Amino acid sequence: MKKRLARLLEESIDSCIEKEVLKKTDIPFIEVELPREGSHGDYASNIAMVLASSQKEAPRRIAERIVENINDSDRILDKIEIAGPGFINFFIRSSVWPTLLEDVDTLEDRYGESNIGKGSKVQVEFVSANPTGPLHIGHARGAVIGDTIANILQASGFSVSREYYINDAGNQMNMLGESVYYRYLELMGPDKSGFPDNCYQGEYITELAREIYAKFGDRFRSDKESSIAFLTEYAADSILDGIKKDLETLGVTFDRYFSEKELYTNDSVANILQKLKKEGFIYEEGGTLWFKTMDSGDEKDRVVVRENGEPTYFAADIAYHRDKYSRGFDKVINVWGADHHGYIPRMQAGIQALGRKKEDLEVVLVQLVNLLRGGVPVPMSTRTGEFVTTREVTDEVGKDGVRYNFLMRRSNSHLDFDLELAKAQSSENPVYYVQYAHARISSIMRLAAEQGYRIPDYDDIKPDLLATPEEHELAKLIDAFPEMVEGSAKTLEPHRIPYYINDLASIFHSFYNKHKVVSDNAELTKARLFLIKTTAIVIRNALRLLGVSAPERM
RNA sequence: GCGCCCAUGGCUCAGCUGGAUAGAGCGUCGGACUACGAAUCCGAAGGUCGAAGGUUCGAAUCCUUCUGGGCGUACCA
């Protein structure tokens, strides 16, 4: 509806210019919004005020001319008012609301989809946690947000690929192998040297060592170096396996797992370094190689090859992004923990050196999660390895609860995640509010079926019977669903969707409490069954984007 | 020190890229089931949007300074 009104305005302005009652000018983006005040109409536009400066005329006079020239050929408008400093307020004829539902009925599962992506290829890289330990709760938030952004983009006409970058090279891998090695030695009698401080302290390392001992006996006791090489690989594989399983319980899967190690074995890193050196992006100083990231606004230049000859993580990351673009992605979205924000300028410098525009890389920062239980912080210590894992949280509160609670909040704001609230089956828990609306509709449908009704299509009903304010509100909000999804896709803000369905559920519940769906008036019953059917479709489609289930009973 | 993020009713958070009298949920208080699911609904109280300036017809939103909190500031990832 917003788009229809914007078009009416645009046509009117065009004809005003033609008639020379307005000066010729570039028409700016015409914004149509939902006023919160009912007396300001169903929709409103500030276009006259926006035009005021270029027209050099009073906004209200401009508004008058625009309104005079609006050609409402479909007769959707009841009246138009000019109010305040120059707002144009639209009042929609009440009979048009139900007609907006026809699209929902024909599109069904596809209602809410769009083609703003026009098939362009986008890659979403997320989680990408090192395979050195189980996922913590912050990873889970990033996983859910990344997955949902991918869902939203997919529904908006982008061709999306989900990818997990495995940091399976470098120092921390050796450390992992060593950690397992020392735990393994401990199993074979008291160790005089003790367990090194800088090794991974978590209990899962000991468990891995036990597993290896049970499988292979004491064969790794003697030859330290080759043993560690084996143990490293074994441990990384096993941990990554666990991570994949944990992500699956959250409903998160990937199209591809990309190994950092391969960037070395196939010389990608060496090649790109050489290329960038030749092109002058890299220089040598003090025995190390530096990348000129300052030219693109970074605070200082960054090392890509250390004095000891080893490339840094950054070097591998440039090679990785080169690989991404070479696979034909028009745009690359990285979902990062907010503690990596300092990395953005250097990564942008990296892709620009690859001949890419800044905008071809978009970074979504996910703030850290504060885990609580009943309002009390859950103690976490990465040093000792004592932390609550994603698996434990998912097992406790369930997939739907975890996902919804993460998705409700803007990703760029700190989040308190309270275990007790998230699993509470009460009004304190917002997931249930929405799911309950869906279950309630299903329940009404069952009752209607018992009474011999079949679920009506748009052609089966008399739309005019949907005449109460609650019914109009529902139709109006249902109509807004596709543009909401579009907005969410453009801004990469998944949290808009939970807010939207919460509103929708709220209006539905109000409607339900005030009006009876199944009554002795058969025509009215059919019309209302149709209305709640479309409501259920939207709830279902929205929850599907979020990866949250829409139960028929609960 | 420098950089990024955050600051909105008692609590947790929205605020649609600058719009009209700042909104939800929880909590508090008061109401609604002999009608399709009360995990629901209806009503009330509660705010100088961290502070001070500035930009303009108009600021929670943009600019500057300050305060308070988080993160970063590696030849670690």
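Reminder, nothing fancy here: chain letters follow the sequence lines and each chain counts from 1. Quick caveat: nothing in here was measured; it's all calculated off a predicted structure.
- Taking the six-membered ring where the residue is Trp, A:His340 and A:Trp336 present tilted rings, their angle falling between 30° and 60°.
- Relative to the side chain of A:Asn130, the nucleotides B:rA77, B:rG19, B:rC36 differ in distance, and B:rA77 lies closest.
- Of all nucleotides listed (B:rC75, B:rC36, B:rU40), B:rU40 comes nearest to the side chain of A:Tyr433.
- For A:Asp416, taking side-chain heavy atoms from C-beta onward, the closest of the listed nucleotides B:rC57, B:rU12, B:rG37 is B:rU12.
- Nucleotides B:rA60 and B:rG9 are separated by 15 Å at their P atoms, to the nearest Å.
- The 5' end of RNA chain B is approached more closely, in terms of each residue's nearest nucleotide, by A:Leu368 than by the other of A:Trp290 and A:Leu368.
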Stepwise side-chain contact (heavy atoms from CB on, under 4.5 Å) check, A:Asn46 with A:Phe87: CA-CA 5 Å; A:Asn46 63 352; A:Phe87 287 102; 4.1 Å; yes

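- A sub-4.0 Å separation between OP1 or OP2 of B:rA38 and a side-chain N or O of A:Arg440 is present.
- Comparing B:rG18 with B:rC62, their C1' atoms are spaced 8 Å from each other, to the whole Å.
- Between the CD1 atom of A:Ile344 and the C1' atom of B:rC71 there is a distance of 12 Å, given to the nearest Å.
- Here B:rU73 is in the anti range [glycosidic angle more than 90° from 0].
- At most 12 non-hydrogen atoms from other residues, nucleotides or ligands lie less than 6.0 angstrom from CG of A:Asp520.
- Residue A:Ala52 is out of contact with every strand shown, counting any heavy-atom pair closer than 4.0 Å.
- Within 4.0 Å of A:Ala448, counting heavy atoms only, lies no atom of the nucleic acid at all.
- In terms of phosphate contacts, A:Tyr500 brings no side-chain nitrogen or oxygen within less than 4.0 Å of OP1 or OP2 of B:rC16.
- OP1 or OP2 of B:rA39 lies within a sub-4.0 Å distance of a side-chain N or O belonging to A:Tyr436.
- Residue A:His515 is in base contact, counting any heavy-atom pair closer than 4.0 Å across all strands shown.
- Using a 4.0 Å heavy-atom distance criterion, A:Lys490 is classed as making no nucleic acid contact.
- Straight-line distance between the P atoms of B:rC16 and B:rA20: roughly 11 Å, to the nearest whole Å.
- Heavy-atom neighbours of A:Arg540 CZ from other residues, nucleotides or ligands within 6.0 Å: above the threshold of 12.
- Taking the side chain of A:His509 as heavy atoms from C-beta on, and the options B:rC41, B:rG19, B:rA77, the nearest nucleotide is B:rC41.
- A:Arg553 comes within 4.0 angstrom of a nucleotide base, judged by non-hydrogen atoms across all strands.
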Test log, rule side-chain contact (heavy atoms from CB on, under 4.5 Å), inputs A:Ile239 and A:Tyr204:
CA-CA 9 Å; A:Ile239 289 172; A:Tyr204 62 94; 4.0 Å; yes

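- If you take CE of A:Met484 and P of B:rU17, they are 15 Å apart, rounded to a whole angstrom.
- If you measure from atom CG of A:Asn412 to atom P of B:rG69, you get 20 Å, rounded to the nearest angstrom.
- The phosphate of B:rG37 has neither OP1 nor OP2 within less than 4.0 Å of any side-chain N or O from A:Arg446.
- In this entry the distance linking CG of A:Asn370 with P of B:rC71 reads 10 Å, nearest Å.
- Checking B:rC41, B:rG37, B:rG15 against the side-chain heavy atoms of A:His495 singles out B:rG15 as nearest.
- Note: A:Tyr313 and A:Tyr343 have perpendicular aromatic rings, judged against thresholds of 30 and 60 degrees for the angle between ring planes.
- Taking 3.5 Å as the limit, the base of B:rG72 and the side chain of A:Asp339 contain no donor-acceptor pair of atoms between them.
- Of all heavy-atom pairs between A:Leu100 and A:Ala475, the closest is CD1-O, 4.5 Å.
- In this structure, the separation between OH on A:Tyr257 and OG on A:Ser128 is 10.0 Å, given to the nearest 0.5 Å.
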Encoded 5' to 3' (Watson-Crick or G-U under 3.5 Å; [ ] crossing; | other strand), RNA chain B becomes (((((.(..((((.....[...)))).(((((.......))))).....(((((..]....)))))).)))))....

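- Note: CG (A:Asp520) to P (B:rC36) measures 14 Å, nearest angstrom.
- An OP1 or OP2 oxygen of B:rG37 is reached within less than 4.0 angstrom by a side-chain nitrogen or oxygen of A:Ser443.
- A distance-only check finds no donor-acceptor pair linking the side chain of A:Asn334 to the backbone of A:Val363 [under 3.5 Å].
- Taking the side chain of A:Pro85 as heavy atoms from C-beta on, and the options B:rG19, B:rC5, B:rG15, the nearest nucleotide is B:rG19.
- A heavy atom closer than 4.0 Å to some atom of RNA chain B occurs in A:Glu299, A:Lys300, these being the qualifying members of residues 292-302 of chain A.
- The ring of A:His341 does not lie on top of the base of B:rG72; it is either too far (5.5 Å or more) or too tilted (30° or more).
- Across all strands shown, A:Gln367 has heavy atoms under 4.0 Å from sugar-phosphate atoms exclusively, and none from any base.
- Distance from the side chain of A:Ser510 is smallest to B:rC42 among B:rA14, B:rC42, B:rA39.
- For the pair A:Met408 CE and B:rC11 C1', the interatomic distance rounds to 13 Å; values are reported in whole Å.
- Contacts of A:Ser519 with the nucleic acid, taken as non-hydrogen atoms under 4.0 Å apart, are absent.
- In the displayed structure, A:Gln274 atom CD is contacted under 6.0 Å by at most 12 heavy atoms of other residues, nucleotides or ligands.
- For B:rG72, its base never sits under 3.5 Å from the side chain of A:His340 at any donor and acceptor pair.
- Regarding the sugar-base torsion, B:rC66 falls in the anti class, its angle being beyond 90° of 0.
- In the set B:rG37, B:rC75, B:rA77, the nucleotide with an atom closest to the side chain of A:Tyr313 is B:rA77.
- A salt bridge is absent between A:Glu163 and A:Lys324: the closest approach of a Lys/Arg side-chain nitrogen to an acidic carboxylate oxygen does not fall below 4.0 angstrom.
- Nearest to the side-chain atoms of A:His414 among the listed nucleotides B:rC75, B:rU40, B:rC5 stands B:rC5.
- The side chain of A:Ser413 sits closest to B:rA14 out of B:rC75, B:rA35, B:rA14.
- Nucleotide B:rC36 holds its P atom 19 Å from the NZ atom of A:Lys514, rounded to whole Å.
- Atom NZ of A:Lys399 has more than 12 neighbouring heavy atoms from other residues, nucleotides or ligands inside a 6.0 Å radius.
- In this model, a side-chain donor or acceptor of A:Asn89 finds a partner on the base of B:rA20 within 3.5 Å.
- Nearest heavy atom pair, residue A:Lys2 against residue A:Glu33, reads CE-CA, 4.3 Å.
- We find that OH of A:Tyr432 is positioned 16 Å from P of B:rC26, with the value rounded to whole Å.
- Across the P atoms, B:rG23 and B:rU48 are found 15 Å apart, a figure rounded to whole Å.
- Residue contacts shown for A:Glu552 include a base, since a base heavy atom lies under 4.0 Å away.
- The number of heavy atoms from other shown groups lying within 6.0 Å of CD (A:Glu57) is above 12.
- Contacts of A:Glu307 with the nucleic acid, taken as non-hydrogen atoms under 4.0 Å apart, include base atoms.
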